[in-house]
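Numbered from 1 within each chain, the chains take letters A, B, ... in sequence-line order. It should be emphasised that the depicted structure is a prediction, and the values quoted were computed from it without experimental measurement.
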Amino acid sequence: MNFRADDGTKKESDLGAPAMKALVHLLVKAELERMGLEKALRIAVREIVQVIVQDAVHSVLNEMAGVKARPNLTVQQSDLMATLNEVSPVVLEPVDHTLLAKVLETQAQQAAPEPAGLYIYGITAEKAGIELEINGIAGCRVYTLAAAGLCAVVHDCAAEPYRPDNDEQSKEWIFDHQDVLDRAKEKLDTILPFGFNTIIQAADRPPQAVLQEWLSQESKQLLSLLERLKDNEEYAVKIQAPEEALKQAALREDTHLLELQRELEGKPEGARYLYREKLEQAVKEALEDIVEVNFRKVYQALRPFCSDIQVEKIKKGSPGARMIANLSCLVKKNRLPELGEALARIQHDGFTVDFTGPWPPYSFVGQLAMPT
Amino acid sequence: MTLEIDSDNLKHGLLGLVIALLEIVKDALKLQALARMDDGSLEENEIERLGRALFDLDQAIEDMKLEQGVTESVKSVRDGLDRIVDDVVDRILNPKRWAEEVD
(Lines give C-alpha, C1' and ligand atoms only; values in the text may rest on other atoms or scores of the structure.)
Protein backbone atom coordinates (compact mmCIF):
# COMPACT_ATOMS: atom_id res chain seq x y z
CA MET A 1 0.00 0.00 0.00
CA ASN A 2 2.85 2.38 0.89
CA PHE A 3 4.54 1.55 -2.33
CA ARG A 4 1.48 2.63 -4.32
CA ALA A 5 1.21 5.92 -2.48
CA ASP A 6 4.81 6.74 -3.44
CA ASP A 7 4.02 5.99 -7.02
CA GLY A 8 1.18 8.51 -6.97
CA THR A 9 3.31 11.33 -5.62
CA LYS A 10 5.89 10.78 -8.30
CA LYS A 11 3.35 11.18 -11.06
CA GLU A 12 2.20 14.44 -9.60
CA SER A 13 5.69 15.92 -9.49
CA ASP A 14 6.33 14.73 -13.06
CA LEU A 15 3.51 16.95 -14.17
CA GLY A 16 5.87 19.87 -13.56
CA ALA A 17 5.51 23.35 -12.26
CA PRO A 18 4.25 25.20 -15.40
CA ALA A 19 0.98 23.27 -15.60
CA MET A 20 0.23 23.72 -11.90
CA LYS A 21 1.04 27.41 -12.16
CA ALA A 22 -1.33 27.78 -15.10
CA LEU A 23 -4.07 26.01 -13.19
CA VAL A 24 -3.63 28.27 -10.18
CA HIS A 25 -3.67 31.24 -12.51
CA LEU A 26 -6.97 30.10 -14.02
CA LEU A 27 -8.56 29.52 -10.64
CA VAL A 28 -7.55 32.94 -9.32
CA LYS A 29 -8.88 34.62 -12.44
CA ALA A 30 -12.23 32.84 -12.22
CA GLU A 31 -12.48 33.76 -8.56
CA LEU A 32 -11.78 37.45 -9.25
CA GLU A 33 -14.47 37.53 -11.93
CA ARG A 34 -16.95 35.98 -9.58
CA MET A 35 -16.16 38.51 -6.87
CA GLY A 36 -16.68 41.42 -9.28
CA LEU A 37 -20.02 40.04 -10.33
CA GLU A 38 -21.16 39.49 -6.77
CA LYS A 39 -20.35 43.10 -5.94
CA ALA A 40 -22.48 44.32 -8.86
CA LEU A 41 -25.30 42.06 -7.66
CA ARG A 42 -25.12 43.31 -4.10
CA ILE A 43 -25.35 46.93 -5.23
CA ALA A 44 -28.31 46.16 -7.46
CA VAL A 45 -30.17 44.36 -4.70
CA ARG A 46 -29.57 47.21 -2.29
CA GLU A 47 -30.96 49.74 -4.72
CA ILE A 48 -34.03 47.67 -5.44
CA VAL A 49 -34.73 47.11 -1.78
CA GLN A 50 -34.50 50.84 -1.24
CA VAL A 51 -36.84 51.51 -4.11
CA ILE A 52 -39.73 49.23 -3.24
CA VAL A 53 -39.52 47.78 0.20
CA GLN A 54 -38.97 51.08 1.97
CA ASP A 55 -41.93 52.75 0.30
CA ALA A 56 -44.26 49.84 0.86
CA VAL A 57 -43.31 49.53 4.51
CA HIS A 58 -43.62 53.27 4.92
CA SER A 59 -47.13 53.38 3.62
CA VAL A 60 -48.25 50.60 5.94
CA LEU A 61 -46.51 52.18 8.91
CA ASN A 62 -48.08 55.50 8.04
CA GLU A 63 -51.42 53.81 7.92
CA MET A 64 -50.82 52.36 11.36
CA ALA A 65 -49.98 55.85 12.57
CA GLY A 66 -53.18 57.13 11.01
CA VAL A 67 -51.73 59.11 8.10
CA LYS A 68 -53.60 58.64 4.84
CA ALA A 69 -51.23 57.43 2.15
CA ARG A 70 -51.82 54.81 -0.52
CA PRO A 71 -49.01 52.46 -1.53
CA ASN A 72 -47.45 53.75 -4.68
CA LEU A 73 -45.91 50.57 -6.00
CA THR A 74 -46.85 50.55 -9.64
CA VAL A 75 -45.09 53.81 -10.39
CA GLN A 76 -41.80 52.59 -9.10
CA GLN A 77 -41.72 49.42 -11.10
CA SER A 78 -40.14 51.14 -14.08
CA ASP A 79 -37.28 52.29 -11.86
CA LEU A 80 -36.87 48.74 -10.72
CA MET A 81 -36.54 47.37 -14.23
CA ALA A 82 -34.06 50.11 -15.10
CA THR A 83 -31.95 49.21 -12.09
CA LEU A 84 -31.99 45.56 -13.05
CA ASN A 85 -30.89 46.35 -16.58
CA GLU A 86 -27.85 48.15 -15.22
CA VAL A 87 -26.36 44.92 -13.94
CA SER A 88 -23.71 43.95 -16.44
CA PRO A 89 -23.94 40.52 -18.05
CA VAL A 90 -21.38 37.84 -17.25
CA VAL A 91 -18.55 37.40 -19.69
CA LEU A 92 -16.10 34.55 -19.40
CA GLU A 93 -12.92 34.67 -21.42
CA PRO A 94 -11.89 31.50 -23.22
CA VAL A 95 -9.40 29.50 -21.20
CA ASP A 96 -6.37 27.57 -22.31
CA HIS A 97 -8.11 24.27 -22.97
CA THR A 98 -5.09 22.15 -23.82
CA LEU A 99 -3.44 22.97 -20.54
CA LEU A 100 -6.58 22.30 -18.53
CA ALA A 101 -7.18 19.02 -20.36
CA LYS A 102 -3.65 17.93 -19.54
CA VAL A 103 -4.13 18.67 -15.86
CA LEU A 104 -7.46 16.84 -15.79
CA GLU A 105 -6.01 13.85 -17.56
CA THR A 106 -3.25 13.53 -15.01
CA GLN A 107 -5.78 13.68 -12.23
CA ALA A 108 -7.79 10.91 -13.84
CA GLN A 109 -4.69 8.76 -14.02
CA GLN A 110 -4.06 9.21 -10.34
CA ALA A 111 -7.59 8.09 -9.52
CA ALA A 112 -7.24 5.00 -11.70
CA PRO A 113 -8.94 2.09 -9.93
CA GLU A 114 -6.87 -0.08 -7.67
CA PRO A 115 -9.30 -2.58 -6.13
CA ALA A 116 -8.80 -1.01 -2.71
CA GLY A 117 -12.43 -0.75 -1.67
CA LEU A 118 -15.29 -3.16 -1.16
CA TYR A 119 -18.85 -2.17 -2.06
CA ILE A 120 -21.47 -3.88 0.15
CA TYR A 121 -24.99 -4.61 -1.02
CA GLY A 122 -26.21 -6.56 1.95
CA ILE A 123 -25.71 -9.40 4.44
CA THR A 124 -27.49 -12.74 4.75
CA ALA A 125 -27.41 -15.68 7.12
CA GLU A 126 -25.71 -18.20 4.83
CA LYS A 127 -22.84 -20.34 6.11
CA ALA A 128 -20.87 -20.75 2.91
CA GLY A 129 -20.48 -18.31 0.08
CA ILE A 130 -22.20 -19.26 -3.18
CA GLU A 131 -21.74 -18.27 -6.78
CA LEU A 132 -24.25 -15.53 -7.59
CA GLU A 133 -23.67 -14.85 -11.29
CA ILE A 134 -25.04 -11.36 -10.93
CA ASN A 135 -23.66 -8.18 -12.43
CA GLY A 136 -23.71 -5.17 -10.14
CA ILE A 137 -23.30 -1.45 -10.54
CA ALA A 138 -21.75 -0.59 -13.92
CA GLY A 139 -21.41 -4.31 -14.68
CA CYS A 140 -19.09 -5.19 -11.78
CA ARG A 141 -18.84 -8.87 -10.82
CA VAL A 142 -20.76 -9.47 -7.61
CA TYR A 143 -19.58 -12.23 -5.26
CA THR A 144 -20.14 -13.38 -1.70
CA LEU A 145 -17.79 -13.27 1.24
CA ALA A 146 -18.48 -15.63 4.16
CA ALA A 147 -17.51 -15.36 7.82
CA ALA A 148 -18.98 -16.46 11.16
CA GLY A 149 -22.14 -17.98 9.68
CA LEU A 150 -22.84 -14.83 7.71
CA CYS A 151 -22.39 -13.96 4.10
CA ALA A 152 -21.86 -10.51 2.60
CA VAL A 153 -22.79 -9.65 -0.99
CA VAL A 154 -20.05 -7.40 -2.38
CA HIS A 155 -18.04 -6.25 -5.36
CA ASP A 156 -14.51 -4.85 -5.69
CA CYS A 157 -14.29 -1.13 -6.32
CA ALA A 158 -12.06 1.90 -5.92
CA ALA A 159 -11.55 3.31 -2.46
CA GLU A 160 -13.94 6.18 -2.97
CA PRO A 161 -17.71 6.57 -3.33
CA TYR A 162 -19.41 6.43 -6.72
CA ARG A 163 -20.10 9.95 -7.94
CA PRO A 164 -22.73 10.04 -10.68
CA ASP A 165 -22.25 12.66 -13.42
CA ASN A 166 -25.96 13.27 -13.85
CA ASP A 167 -29.41 12.22 -12.66
CA GLU A 168 -29.71 9.62 -15.38
CA GLN A 169 -26.60 7.85 -14.19
CA SER A 170 -27.47 7.97 -10.51
CA LYS A 171 -30.88 6.50 -11.32
CA GLU A 172 -29.23 3.71 -13.27
CA TRP A 173 -26.82 2.91 -10.44
CA ILE A 174 -29.52 2.89 -7.82
CA PHE A 175 -31.58 0.55 -9.98
CA ASP A 176 -28.51 -1.68 -10.35
CA HIS A 177 -28.12 -1.72 -6.57
CA GLN A 178 -31.79 -2.59 -6.13
CA ASP A 179 -31.56 -5.27 -8.82
CA VAL A 180 -28.64 -6.99 -7.09
CA LEU A 181 -30.59 -7.04 -3.81
CA ASP A 182 -33.68 -8.46 -5.52
CA ARG A 183 -31.78 -11.22 -7.24
CA ALA A 184 -29.61 -12.05 -4.25
CA LYS A 185 -32.82 -12.38 -2.25
CA GLU A 186 -34.10 -15.05 -4.64
CA LYS A 187 -31.01 -17.16 -3.96
CA LEU A 188 -30.18 -16.29 -0.38
CA ASP A 189 -33.56 -15.62 1.25
CA THR A 190 -33.66 -12.85 3.91
CA ILE A 191 -31.13 -10.14 3.21
CA LEU A 192 -30.08 -7.20 5.34
CA PRO A 193 -29.87 -4.38 2.83
CA PHE A 194 -27.20 -1.69 2.87
CA GLY A 195 -27.69 1.76 1.39
CA PHE A 196 -26.31 2.81 -1.97
CA ASN A 197 -22.61 3.68 -1.85
CA THR A 198 -21.66 1.73 1.27
CA ILE A 199 -17.95 1.10 0.76
CA ILE A 200 -15.34 -0.38 3.03
CA GLN A 201 -11.75 0.73 2.65
CA ALA A 202 -8.68 0.47 4.83
CA ALA A 203 -5.28 2.03 4.49
CA ASP A 204 -3.13 -0.82 5.72
CA ARG A 205 -4.90 -4.08 4.86
CA PRO A 206 -7.31 -5.55 2.33
CA PRO A 207 -10.96 -4.48 2.88
CA GLN A 208 -12.05 -8.14 2.63
CA ALA A 209 -10.22 -8.82 5.90
CA VAL A 210 -11.82 -5.79 7.57
CA LEU A 211 -15.30 -6.91 6.54
CA GLN A 212 -14.78 -10.50 7.69
CA GLU A 213 -13.48 -9.33 11.05
CA TRP A 214 -16.50 -7.04 11.44
CA LEU A 215 -18.91 -9.87 10.53
CA SER A 216 -17.39 -12.07 13.26
CA GLN A 217 -17.51 -9.28 15.83
CA GLU A 218 -21.12 -8.35 15.15
CA SER A 219 -22.38 -11.80 14.19
CA LYS A 220 -24.68 -12.14 17.20
CA GLN A 221 -26.42 -8.85 16.57
CA LEU A 222 -26.59 -9.37 12.81
CA LEU A 223 -28.04 -12.87 13.17
CA SER A 224 -30.77 -11.74 15.55
CA LEU A 225 -31.61 -8.86 13.21
CA LEU A 226 -31.86 -11.29 10.29
CA GLU A 227 -34.05 -13.58 12.38
CA ARG A 228 -36.39 -10.66 13.08
CA LEU A 229 -36.61 -9.77 9.38
CA LYS A 230 -37.17 -13.37 8.26
CA ASP A 231 -40.28 -13.78 6.08
CA ASN A 232 -40.96 -10.07 6.43
CA GLU A 233 -41.08 -7.44 3.76
CA GLU A 234 -41.14 -3.69 3.90
CA TYR A 235 -44.01 -1.71 2.42
CA ALA A 236 -44.35 2.05 2.25
CA VAL A 237 -47.79 3.45 3.13
CA LYS A 238 -48.63 7.09 2.51
CA ILE A 239 -52.09 8.36 3.41
CA GLN A 240 -53.44 11.68 2.22
CA ALA A 241 -56.73 13.49 2.69
CA PRO A 242 -58.22 16.36 0.69
CA GLU A 243 -57.49 19.63 2.47
CA GLU A 244 -60.97 21.03 1.89
CA ALA A 245 -62.70 18.08 3.58
CA LEU A 246 -60.41 18.42 6.61
CA LYS A 247 -61.17 22.13 6.84
CA GLN A 248 -64.90 21.46 6.74
CA ALA A 249 -64.49 18.88 9.49
CA ALA A 250 -62.56 21.44 11.56
CA LEU A 251 -65.31 24.03 11.08
CA ARG A 252 -67.97 21.50 12.08
CA GLU A 253 -66.22 20.47 15.27
CA ASP A 254 -65.29 23.90 16.58
CA THR A 255 -68.20 26.26 17.32
CA HIS A 256 -65.76 29.09 17.98
CA LEU A 257 -64.75 28.97 14.31
CA LEU A 258 -68.36 29.16 13.13
CA GLU A 259 -68.81 32.23 15.31
CA LEU A 260 -65.79 33.88 13.73
CA GLN A 261 -67.18 33.10 10.29
CA ARG A 262 -70.51 34.69 11.11
CA GLU A 263 -68.83 37.76 12.61
CA LEU A 264 -66.97 38.25 9.36
CA GLU A 265 -70.10 38.73 7.23
CA GLY A 266 -71.17 42.17 8.45
CA LYS A 267 -67.79 43.92 8.41
CA PRO A 268 -66.56 46.59 5.95
CA GLU A 269 -63.97 45.48 3.43
CA GLY A 270 -60.74 46.37 5.26
CA ALA A 271 -61.76 44.81 8.54
CA ARG A 272 -63.15 41.79 6.72
CA TYR A 273 -59.70 41.17 5.28
CA LEU A 274 -58.14 41.03 8.73
CA TYR A 275 -60.97 38.94 10.21
CA ARG A 276 -60.67 36.48 7.34
CA GLU A 277 -56.94 36.13 8.07
CA LYS A 278 -57.78 35.48 11.69
CA LEU A 279 -60.29 32.82 10.76
CA GLU A 280 -57.84 31.14 8.41
CA GLN A 281 -55.24 30.96 11.14
CA ALA A 282 -57.69 29.48 13.59
CA VAL A 283 -58.73 26.90 10.99
CA LYS A 284 -55.10 26.04 10.35
CA GLU A 285 -54.57 25.35 14.04
CA ALA A 286 -57.71 23.25 14.26
CA LEU A 287 -56.50 21.39 11.18
CA GLU A 288 -53.37 20.22 13.00
CA ASP A 289 -55.55 18.59 15.65
CA ILE A 290 -57.72 16.89 13.04
CA VAL A 291 -54.64 15.55 11.27
CA GLU A 292 -53.29 14.22 14.56
CA VAL A 293 -56.57 12.44 15.34
CA ASN A 294 -56.69 10.91 11.87
CA PHE A 295 -53.07 9.80 12.10
CA ARG A 296 -53.85 7.90 15.28
CA LYS A 297 -56.86 6.26 13.68
CA VAL A 298 -54.82 5.12 10.68
CA TYR A 299 -51.91 3.91 12.81
CA GLN A 300 -54.15 1.87 15.07
CA ALA A 301 -55.98 0.37 12.09
CA LEU A 302 -52.72 -0.85 10.54
CA ARG A 303 -50.59 -1.74 13.58
CA PRO A 304 -52.11 -5.22 14.25
CA PHE A 305 -51.06 -6.52 10.82
CA CYS A 306 -47.46 -5.33 10.93
CA SER A 307 -44.50 -6.87 12.72
CA ASP A 308 -43.14 -3.36 13.13
CA ILE A 309 -44.00 0.16 12.01
CA GLN A 310 -41.64 3.02 11.50
CA VAL A 311 -43.26 6.48 11.45
CA GLU A 312 -41.60 8.57 8.76
CA LYS A 313 -41.58 12.32 8.41
CA ILE A 314 -44.72 13.83 6.90
CA LYS A 315 -43.96 15.26 3.48
CA LYS A 316 -45.76 17.84 1.45
CA GLY A 317 -48.78 16.16 -0.12
CA SER A 318 -50.00 16.60 -3.66
CA PRO A 319 -51.65 19.99 -4.29
CA GLY A 320 -54.91 20.40 -2.40
CA ALA A 321 -54.20 17.38 -0.24
CA ARG A 322 -52.64 16.95 3.15
CA MET A 323 -50.47 14.00 4.12
CA ILE A 324 -51.86 12.32 7.23
CA ALA A 325 -49.39 9.50 7.68
CA ASN A 326 -46.15 8.33 6.12
CA LEU A 327 -45.34 4.84 7.41
CA SER A 328 -42.83 2.12 6.72
CA CYS A 329 -44.48 -1.18 7.59
CA LEU A 330 -42.63 -4.42 8.19
CA VAL A 331 -45.15 -7.09 7.23
CA LYS A 332 -45.06 -10.89 7.46
CA LYS A 333 -45.89 -12.35 4.06
CA ASN A 334 -49.00 -14.15 5.33
CA ARG A 335 -50.44 -10.98 6.95
CA LEU A 336 -50.30 -9.01 3.71
CA PRO A 337 -53.94 -9.69 2.62
CA GLU A 338 -55.22 -8.41 5.98
CA LEU A 339 -53.15 -5.25 5.65
CA GLY A 340 -54.58 -4.79 2.16
CA GLU A 341 -58.13 -5.03 3.53
CA ALA A 342 -57.40 -2.50 6.27
CA LEU A 343 -56.00 -0.10 3.65
CA ALA A 344 -59.08 -0.61 1.47
CA ARG A 345 -61.27 0.39 4.42
CA ILE A 346 -59.19 3.54 4.94
CA GLN A 347 -59.54 4.39 1.26
CA HIS A 348 -63.27 3.84 1.53
CA ASP A 349 -63.38 6.52 4.24
CA GLY A 350 -62.28 9.15 1.72
CA PHE A 351 -58.50 9.01 2.12
CA THR A 352 -56.00 8.57 -0.68
CA VAL A 353 -53.80 5.53 -0.05
CA ASP A 354 -50.41 5.18 -1.69
CA PHE A 355 -49.02 1.68 -1.15
CA THR A 356 -45.67 0.54 -2.57
CA GLY A 357 -43.41 -2.46 -2.08
CA PRO A 358 -42.13 -4.95 -1.32
CA TRP A 359 -38.87 -3.12 -0.58
CA PRO A 360 -35.77 -4.49 1.05
CA PRO A 361 -36.29 -3.70 4.76
CA TYR A 362 -34.07 -0.58 4.73
CA SER A 363 -36.07 1.13 7.46
CA PHE A 364 -35.63 -1.72 9.93
CA VAL A 365 -31.90 -2.27 9.76
CA GLY A 366 -31.43 0.29 12.53
CA GLN A 367 -28.09 1.74 13.52
CA LEU A 368 -25.32 -0.77 12.92
CA ALA A 369 -21.86 -0.21 14.29
CA MET A 370 -19.90 0.02 11.05
CA PRO A 371 -16.28 -1.08 10.79
CA THR A 372 -13.98 1.90 10.90
CA MET B 1 -25.52 28.88 -0.42
CA THR B 2 -24.03 29.37 -3.90
CA LEU B 3 -25.58 31.53 -6.59
CA GLU B 4 -25.95 30.14 -10.07
CA ILE B 5 -25.92 33.06 -12.40
CA ASP B 6 -26.55 33.71 -16.04
CA SER B 7 -27.80 36.99 -17.33
CA ASP B 8 -31.16 35.50 -18.44
CA ASN B 9 -32.38 34.27 -15.11
CA LEU B 10 -30.69 37.02 -13.11
CA LYS B 11 -33.66 39.34 -13.49
CA HIS B 12 -36.08 36.59 -12.53
CA GLY B 13 -34.18 35.43 -9.50
CA LEU B 14 -33.48 38.88 -8.16
CA LEU B 15 -37.02 40.14 -8.57
CA GLY B 16 -38.28 36.90 -7.00
CA LEU B 17 -35.99 37.42 -4.05
CA VAL B 18 -37.05 41.02 -3.54
CA ILE B 19 -40.76 40.28 -3.74
CA ALA B 20 -40.33 37.34 -1.38
CA LEU B 21 -38.73 39.71 1.12
CA LEU B 22 -41.56 42.15 0.64
CA GLU B 23 -44.08 39.39 1.30
CA ILE B 24 -42.31 38.39 4.48
CA VAL B 25 -42.37 41.98 5.72
CA LYS B 26 -46.09 42.16 4.86
CA ASP B 27 -46.78 38.91 6.72
CA ALA B 28 -44.94 40.22 9.76
CA LEU B 29 -47.02 43.41 9.74
CA LYS B 30 -50.18 41.39 9.34
CA LEU B 31 -49.31 39.19 12.32
CA GLN B 32 -48.63 42.33 14.34
CA ALA B 33 -52.01 43.75 13.34
CA LEU B 34 -53.79 40.50 14.29
CA ALA B 35 -52.05 40.47 17.66
CA ARG B 36 -53.16 44.02 18.33
CA MET B 37 -56.71 43.14 17.33
CA ASP B 38 -56.68 40.28 19.81
CA ASP B 39 -55.44 42.32 22.74
CA GLY B 40 -58.18 44.88 22.08
CA SER B 41 -55.96 47.93 21.62
CA LEU B 42 -57.55 48.84 18.28
CA GLU B 43 -60.80 50.68 17.63
CA GLU B 44 -63.12 49.25 15.00
CA ASN B 45 -62.33 52.08 12.55
CA GLU B 46 -58.59 51.57 13.13
CA ILE B 47 -59.01 47.91 12.28
CA GLU B 48 -60.79 48.91 9.11
CA ARG B 49 -58.01 51.33 8.06
CA LEU B 50 -55.23 48.89 8.89
CA GLY B 51 -57.02 46.06 7.11
CA ARG B 52 -57.52 48.25 4.07
CA ALA B 53 -53.82 49.19 3.91
CA LEU B 54 -52.68 45.59 4.24
CA PHE B 55 -55.26 44.49 1.70
CA ASP B 56 -53.98 47.07 -0.81
CA LEU B 57 -50.39 46.00 -0.20
CA ASP B 58 -51.39 42.38 -0.68
CA GLN B 59 -53.15 43.26 -3.92
CA ALA B 60 -50.18 45.32 -5.19
CA ILE B 61 -47.77 42.46 -4.54
CA GLU B 62 -50.04 39.93 -6.26
CA ASP B 63 -50.41 42.22 -9.29
CA MET B 64 -46.68 42.72 -9.50
CA LYS B 65 -46.03 38.98 -9.32
CA LEU B 66 -48.49 38.32 -12.14
CA GLU B 67 -47.25 41.18 -14.28
CA GLN B 68 -43.60 40.13 -14.04
CA GLY B 69 -44.35 36.40 -14.15
CA VAL B 70 -42.30 35.69 -11.03
CA THR B 71 -44.92 33.85 -8.95
CA GLU B 72 -42.93 30.64 -9.19
CA SER B 73 -39.56 32.15 -8.29
CA VAL B 74 -41.09 33.94 -5.30
CA LYS B 75 -42.58 30.66 -4.14
CA SER B 76 -39.30 28.81 -4.52
CA VAL B 77 -37.42 31.48 -2.55
CA ARG B 78 -39.96 31.29 0.26
CA ASP B 79 -40.00 27.48 0.29
CA GLY B 80 -36.22 27.51 0.45
CA LEU B 81 -36.25 29.91 3.38
CA ASP B 82 -38.93 27.85 5.12
CA ARG B 83 -36.75 24.77 4.84
CA ILE B 84 -33.75 26.58 6.27
CA VAL B 85 -35.78 27.89 9.20
CA ASP B 86 -37.32 24.43 9.77
CA ASP B 87 -33.86 22.96 9.85
CA VAL B 88 -32.56 25.53 12.34
CA VAL B 89 -35.59 25.13 14.62
CA ASP B 90 -35.28 21.36 14.42
CA ARG B 91 -31.63 21.60 15.39
CA ILE B 92 -32.41 23.79 18.36
CA LEU B 93 -35.45 21.91 19.69
CA ASN B 94 -34.73 18.28 18.87
CA PRO B 95 -32.43 16.48 21.35
CA LYS B 96 -31.62 13.84 18.71
CA ARG B 97 -29.92 16.55 16.63
CA TRP B 98 -27.81 17.63 19.60
CA ALA B 99 -26.38 14.14 19.82
CA GLU B 100 -25.59 14.20 16.09
CA GLU B 101 -23.90 17.55 16.49
CA VAL B 102 -21.66 16.18 19.24
CA ASP B 103 -20.61 13.26 17.05
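- Nearest heavy-atom pair, A:A250 versus A:L257, reported as atom, atom and distance to 0.1 Å: O-CD1, 3.7 Å.
- Here the shortest heavy-atom pairing between B:G16 and B:V74 reads O-CG2, 3.6 Å.
- B:E48 places a side-chain N or O within donor-acceptor distance of the main-chain N or O of A:A271, the cut-off being under 3.5 Å.
- In this structure, no portion of B:D27 lies under 4.5 Å from any heavy atom of chain A.
- In terms of heavy-atom pairs under 4.5 angstrom with chain A, the leader among B:L34, B:D38, B:N45, B:L42 is B:L34.
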Go through the steps to decide whether A:E312 and A:S328 satisfy the test side-chain hydrogen bond (donor to acceptor under 3.5 Å, both in side chains), and finish with yes or no.
-> CA-CA 7 Å; A:E312 309 288 350; A:S328 296; 2.7 Å; yes

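- Within the 4.5 angstrom heavy-atom criterion, no atom of B:I24 approaches chain A.
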